[in-house]
Amino acid sequence: MRRGIAPVLGSTIRAAEFVRSARIKPLSVSPSRSSFQRRVAGRRIEGLGRAGKRVVIELAGGDRIVFEPRMTGLVLLAAPPSEEHLRLRLTLAGRAKPSELLFWDRRGLGTLSLLDPAEFARRLGPDTLGPDALELDPALLEARLGASKRPIKVALLDQRKLAGVGNIYAAECLHVARIHPIRPCASLKPAEWRRLHAALEDVLGEAIRYEGSTLNDGTYRNALNVEGGYQSCHRVYGREGGACSRCRGRGRVERIVLGQRATFFCGRCQR
DNA sequence: CGTTCAACCTGGGCGC
DNA sequence: TGCGCCCAGGTTGAAC
């Protein structure tokens with residue numbers, strides 16, 4: 001998402017418009033819609049970043065816009081999948097640049113905030129967000145998760161321990177690392193932490209190159225409203241009952257619920 | 001401290 | 001066709 005909106009770097013925000021449609025609940029904005037509009041108008045976009053699963057727009061003066069897409073939110077430079085679920089339009093100034101940046105969200109669980117540097121450090125600091133999943137080494141991964149008795153799958157999704165891993169990629173990484181999702185973190189051996197670290201890098205890196213996973217509901221799109229491609233690479237996620245690709249049919253993909261989330265794995269090659 | 005669970009929303013897919 | 005149910009890339013806060 002962050003890379004997709006790279007073209008807006010250097011543009012100036014003319015105005016923020018909260019788009020509302022009947023029947024659809026309005027976007028949740030912090031601290032308030034009016035102060036958001038007042039504080040972003042006329043500001044230049046000086047940086048684009050990411051904090052775990054959030055997209056961050058750094059403005060001149062130090063304020064940061066934080067998009068939290070949750071399940072169905074999209075940050076777009078192109079026309080959205082539907083007009084009805086469009087939530088925010090940032091009108092941009094600057095030649096040969098996109099003229100607007102949109103936030104679209106079908107379910108409406110996503111949030112938008114504008115944070116000054118102190119608020120940003122407090123709200124998205126180390127107390128709420130662990131080290132990024134792409135900036136680890138095996139020792140740090142074990143140090144963050146290793147003492148816990150929780151199932152490794154549940155711990156991988158805990159953003160305070162490790163930032164950036166969601167439900168699909170937790171399942172995929174554990175399959176690649178051949179680790180059963182229910183295993184207590186504390187039971188993992190050094191070789192398994194190394195495999196899990198490698199799997200995080202490989203799976204997340206590949207998923208980024210494929211621009212994400214567009215599931216059957218078709219929701220996820222990149223900034224140009226184009227579907228991702230990584231869903232065709234999924235080894236276990238959403239493949240309940242299918243043959244495990246590593247076992248060549250000797251193992252079947254199983255689905256259980258762990259920490260209230262669907263969890264897919266091969267019971268034969270994940271131990 | 002850790003686990004569990006409801007809640008926040010909308011819509012797609014399925015069985016009947 | 002309509003209805004009820006289950007499901008969904010997530011996070012928070014209350015209750016145990």
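Keep in mind it's a predicted model, so treat the numbers as computed, not measured. Naming convention: chains lettered A, B, ... in sequence-line order (proteins, then strands); numbering from 1 in each chain.
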*Before giving the answer on side chain to side chain contact (heavy atoms under 4.5 Å, CB included), spell out for E119(A) and S113(A) the whole-Å C-alpha distance, their side-chain angles and the decisive distance to 0.1 Å.*
CA-CA 10 Å; E119(A) 290 167 331; S113(A) 356; over 6 Å; no
_The test is side chain to side chain contact (heavy atoms under 4.5 Å, CB included); show your working for D63(A) and V40(A) and say whether it passes._
CA-CA 8 Å; D63(A) 283 352; V40(A) 305; over 6 Å; no
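Looking only at distances, no side-chain donor or acceptor of R44(A) sits under 3.5 Å from a matching main-chain atom of T12(A).
When the P atom of dC1(B) is taken as reference, atom CG of D127(A) falls 12 Å away, rounded to whole Å. Between K153(A) atom NZ and dT3(B) atom C1' the separation is 15 Å, expressed in whole Å. Whole-Å rounding puts the L129(A) CG to dG10(C) P distance at 14 Å. The distance between atom CZ of R261(A) and atom C1' of dT4(B), rounded to the nearest whole Å, is 15 Å. Nucleotide dT11(C) holds its P atom 12 Å from the CG atom of L162(A), rounded to whole Å. Rounded to whole angstrom, the span from the CG atom of L124(A) across to the C1' atom of dT11(C) amounts to 13 Å. One atom, CD of Q231(A), and another, C1' of dA8(C), lie 15 Å apart when rounded to the nearest Å. With rounding to whole Å, R20(A) atom CZ is found 12 Å from dC9(B) atom P.
Backbone-only contact: G166(A) has heavy atoms under 4.0 Å from sugar-phosphate atoms and none from a base. When heavy atoms are screened at a 4.0 angstrom cut-off, L157(A) is found touching no nucleic acid atom at all.
Using N1 to N3 plus N6-O4 or O6-N4 for Watson-Crick, or N1-O2 and O6-N3 for G-U wobble, each under 3.5 Å, dT10(B) pairs with dA8(C).
In this structure, R255(A) and Q159(A) both approach DNA chain C, and ranking their closest nucleotides by distance from the 5' end singles out R255(A). In terms of position along DNA chain B, the nucleotide closest to G259(A) lies nearer the 5' end than the nucleotide closest to the other residue of the pair L109(A) and G259(A).
At the phosphate of dT3(B), OP1 or OP2 sits under 4.0 Å from a side-chain N or O atom of R150(A). Neither OP1 nor OP2 of dC9(B) sits under 4.0 Å from any side-chain N or O of R106(A). In terms of phosphate contacts, K53(A) brings a side-chain nitrogen or oxygen within less than 4.0 Å of OP1 or OP2 of dT11(C). A close approach under 4.0 Å does not occur between any side-chain nitrogen or oxygen of R160(A) and OP1 or OP2 of dG10(C).
The CD1 atom of I182(A) sits 12.5 Å away from atom CD1 of I152(A), with the distance rounded to the nearest 0.5 Å. Note that CZ of R235(A) is 13.0 Å distant from SG of C266(A), once rounded to the nearest 0.5 Å. Note that CG of L157(A) and CG of L258(A) are 9.0 Å apart. Values are rounded to the nearest 0.5 Å.
Comment: R3(A) does not engage E211(A) in a salt bridge, judged by the lack of any side-chain N to carboxylate O separation of less than 4.0 angstrom. The residues R87(A) and D105(A) are annotated as not salt-bridged, no charged nitrogen and carboxylate oxygen being separated by less than 4.0 angstrom.
Other residues, nucleotides and ligands place more than 12 heavy atoms under 6.0 Å from the CZ atom of F18(A). The 12-atom threshold is not exceeded at CZ of R123(A), counting heavy atoms of other residues, nucleotides or ligands nearer than 6.0 Å.
Sorted by residue number, the members of residues 213-222 of chain A with any non-hydrogen atom under 4.0 Å from DNA chain C read S213(A), T214(A), Y220(A). For DNA chain B, the residues of residues 69-87 of chain A within the heavy-atom distance limit of 4.0 Å (strictly under) are E84(A), H85(A), sorted by number.
Ranking dG10(C), dT11(C), dT10(B) by closeness to the I24(A) side chain, first place goes to dT10(B). Comparing atom distances between the Q260(A) side chain and each of dA6(B), dG10(C), dT10(B) picks out dA6(B) as nearest.
Between dC5(B) and dC6(C), the distance separating the two P atoms is 16 Å to the nearest Å.
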